Amino acid sequence: MHTHLDSDPEAGGYGFLKFTDAYWSVIAVPNARKTLKAGFTTVRNVGSSDWSDVALKQAIEAGKIDGPRIVPAGYSFGATGGGVSHNTEPGQQQLTLAEMKAVAEEAHMWGLKVAAHAHGASGIRDAAHASIDTIEHASLIDDEGIAAARKMGAWLSVDIYNTEYTQSEGAENGVLEDNLRKDREIVEVQRQNFGKALKAGVKMVYGADAGVYPHGDNARQFAVMIRYGATPQQAIQTATINAADALGQKDKVGVIKPGAFGDLVGVTGDPLQNIRLLEKPAFVMKGGVTYKTPK
């Protein structure tokens with residue numbers, strides 16, 4: 001539920017400036033293939049440039065390349081100079097409650113879902129009160145934010161794995177120290193808050209921010225979710241029936257039943273006993289078509 005298929009973690013910091021704008025659309029092709037073979041048959045791409053996620057979706061649906069079904073967002077937007085610029089800190093809110101309400105009302109009028117990237121406590125609370133459908137990251141969520149998310153029915157998409165890659169490989173990949181510092185400062189707080197929100201009954205979806213770490217490693221977050229309070233079944237449900245519900249596709253994906261798309265992931269053992277089996281699926285089927293079989 002939180003991927004960036006046209007991103008490359010090896011081009012950190014200003015490393016992206018070495019490449020043309022079209023490069024990112026090209027690398028999305030192998031990234032999509034890796035994602036599908038990792039067992040993720042439907043993904044939501046929460047922001048891209050040049051409509052590359054839409055182009056990728058069209059190519060996959062036309063049968064030109066292999067990849068997951070894609071729910072694209074196209075361009076994401078926010079405050080000028082916001083996001084990961086030098087002048088911001090993780091808790092700084094960048095859109096007002098009124099602005100977020102306007103976005104949500106306009107999108108919902110068109111039958112669209114809205115995702116908000118929110119790290120700070122006030123931004124998370126306002127996103128929930130604005131009827132945002134999914135709140136991404138939710139790093140510094142507080143008790144009021146947890147209560148608001150529960151009341152409004154917002155889904156949290158909390159990326160509690162990717163810091164392990166960022167802290168080990170980020171500097172070599174060109175990630176700036178300022179960004180690594182921010183990551184270090186919030187990682188444990190975010191993980192504890194994930195467990196707290198889960199225990200409080202807030203709805204959760206699986207959003208690991210693939211693209212910050214290598215595509216194909218998408219399943220590595222399951223083990224971290226269990227470490228911070230989820231049961232194996234809860235963790236799996238965030239990536240299946242919960243994600244399908246949040247997408248408004250609960251009768252089509254995330255389930256095995258007549259009328260659904262026919263997606264299956266096979267592992268050599270019981271993932272309820274060893275969740276890390278999901279990191280290396282032996283079998284992947286999407287829409288009744290096999291894309292990976294046991295060796």
Side-chain angles (χ1 to χ4, degrees), residues 1-3 35 38-44 68 115 124 128 133-143 145-165 186-210 212-213 216-257 260 263-285:
M1 286 290 282
H2 190 123
T3 62
T35 299
F40 289 78
T41 57
T42 302
V43 300
R44 186 181 59 160
I124 296 164
D133 298 288
T134 68
I135 301 174
E136 314 299 308
H137 309 297
S139 305
L140 303 177
I141 193 169
D142 58 13
D143 290 344
I146 289 172
R150 281 193 61 188
K151 178 182 177 181
M152 301 302 292
W155 298 88
L156 297 189
S157 173
V158 190
D159 53 325
I160 57 173
Y161 162 73
N162 59 32
T163 188
E164 297 189 13
Y165 178 84
I186 68 170
V187 54
E188 187 59 26
V189 175
Q190 182 193 36
R191 290 174 167 184
Q192 294 292 340
N193 285 340
F194 161 79
K196 190 175 182 180
L198 180 69
K199 187 175 181 180
V202 179
K203 299 189 298 182
M204 295 283 182
V205 292
Y206 191 92
D209 214 355
V212 170
Y213 63 93
D217 290 346
N218 307 64
R220 291 192 178 188
Q221 179 166 278
F222 286 117
V224 183
M225 296 171 81
I226 291 170
R227 194 190 314 162
Y228 284 86
T231 67
Q233 182 160 315
Q234 282 178 317
I236 292 170
Q237 287 174 334
T238 65
T240 52
I241 59 173
N242 289 14
D245 193 5
L247 288 173
Q249 298 187 25
K250 62 182 180 180
D251 294 327
K252 295 295 184 183
V253 297
V255 292
I256 303 170
K257 69 175 189 178
D263 295 355
L264 292 169
V265 176
V267 295
T268 55
D270 183 358
L272 297 180
Q273 299 300 318
N274 179 9
I275 198 70
R276 299 202 67 174
L277 291 171
L278 295 175
E279 296 176 12
K280 295 184 181 297
F283 175 85
V284 177
M285 174 182 284

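This structure is a prediction, so every number in the text was calculated from the model and none was measured. We count residues from 1, following the sequence as given. What's counted below: heavy atoms across the whole structure, side chains too, no hydrogens, waters or symmetry copies.
Formation of a donor-acceptor pair under 3.5 Å by the S157 side chain with backbone atoms of I135 is not found in this model. Between the Q233 side chain and the L272 main chain, no donor and acceptor come within less than 3.5 Å of each other. Between the side chain of R44 and the main chain of L247, no donor-acceptor pair closer than 3.5 Å is present. A distance-only check finds no donor-acceptor pair linking the side chain of K203 to the backbone of N242 [under 3.5 Å]. Side-chain atoms of N218 come within 3.5 Å of backbone atoms of G216 as a donor-acceptor pair (strictly under, hydrogens ignored).
One finds the OG1 atom of T268 at 9.0 Å from the CG atom of N274 (value rounded to the nearest 0.5 Å). Once rounded to the nearest 0.5 Å, the distance linking CD1 of I146 with CD1 of I124 reads 9.0 Å. One distance of note links CD of Q237 with CE of M204; it measures 13.5 Å at 0.5 Å rounding.
Counting all heavy atoms, side chain and backbone alike, L156 lies closest to A138 at CD2-CB, 4.1 Å. Looking at every heavy atom in both residues, A246 comes nearest to M1 through CB-CE, 3.8 Å. Among all heavy-atom pairs drawn from M152 and A128, the shortest one is CG-O, 3.2 Å. Taking both residues in full, the closest heavy atoms of P281 and V267 are given as CA-CG1, 4.2 Å, listed atom of the first, atom of the second, then distance. Annotation for P271 and P232: closest pair O-CB, 4.1 Å, computed over non-hydrogen atoms. Taking every heavy atom of both residues into account, D270 and L277 meet most closely at N-CD1, 3.5 Å.
Counting heavy atoms from C-beta on, the side chains of T35 and V43 come closer than 4.5 Å. Looking at heavy atoms from C-beta onward, L198 lies out of side-chain contact with Y228 at the 4.5 angstrom threshold. The side-chain heavy atoms of V202 and I141, taken from C-beta on, include no pair separated by under 4.5 Å. The shortest side-chain heavy-atom distance between I236 and L278 falls under the 4.5 Å cut-off. Side-chain contact between T134 and H2 is absent, with no heavy atoms from C-beta onward closer than 4.5 Å. A heavy-atom distance below 4.5 Å is found between the side chains of K257 and D251. Annotation: side chain of M225 is in contact with side chain of Y206 (closest heavy-atom distance under 4.5 Å). By the 4.5 Å heavy-atom criterion applied to side chains, T41 and M285 are not counted as neighbours.
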Residue pair Q221, N162: steps toward the side-chain hydrogen bond (donor to acceptor under 3.5 Å, both in side chains) verdict: CA-CA 8 Å; Q221 179 166 278; N162 59 32; over 6 Å; no
Full working for side-chain hydrogen bond (donor to acceptor under 3.5 Å, both in side chains) between R191 and T163: CA-CA 11 Å; R191 290 174 167 184; T163 188; 5.7 Å; no
Criterion side chain to side chain contact (heavy atoms under 4.5 Å, CB included) on H137 and D159, from CA distance to verdict: CA-CA 6 Å; H137 309 297; D159 53 325; 3.0 Å; yes
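Residue S139 forms a side chain to side chain contact (heavy atoms under 4.5 Å, CB included) with just one option from V189, I186, I160, V187, and that option is I186.
Other residues, nucleotides and ligands contribute over 12 non-hydrogen atoms within 6.0 Å of the CZ atom of R227.
Taking the ring centroids of Y161 and F222, they lie at or beyond the 6.0 Å cut-off.
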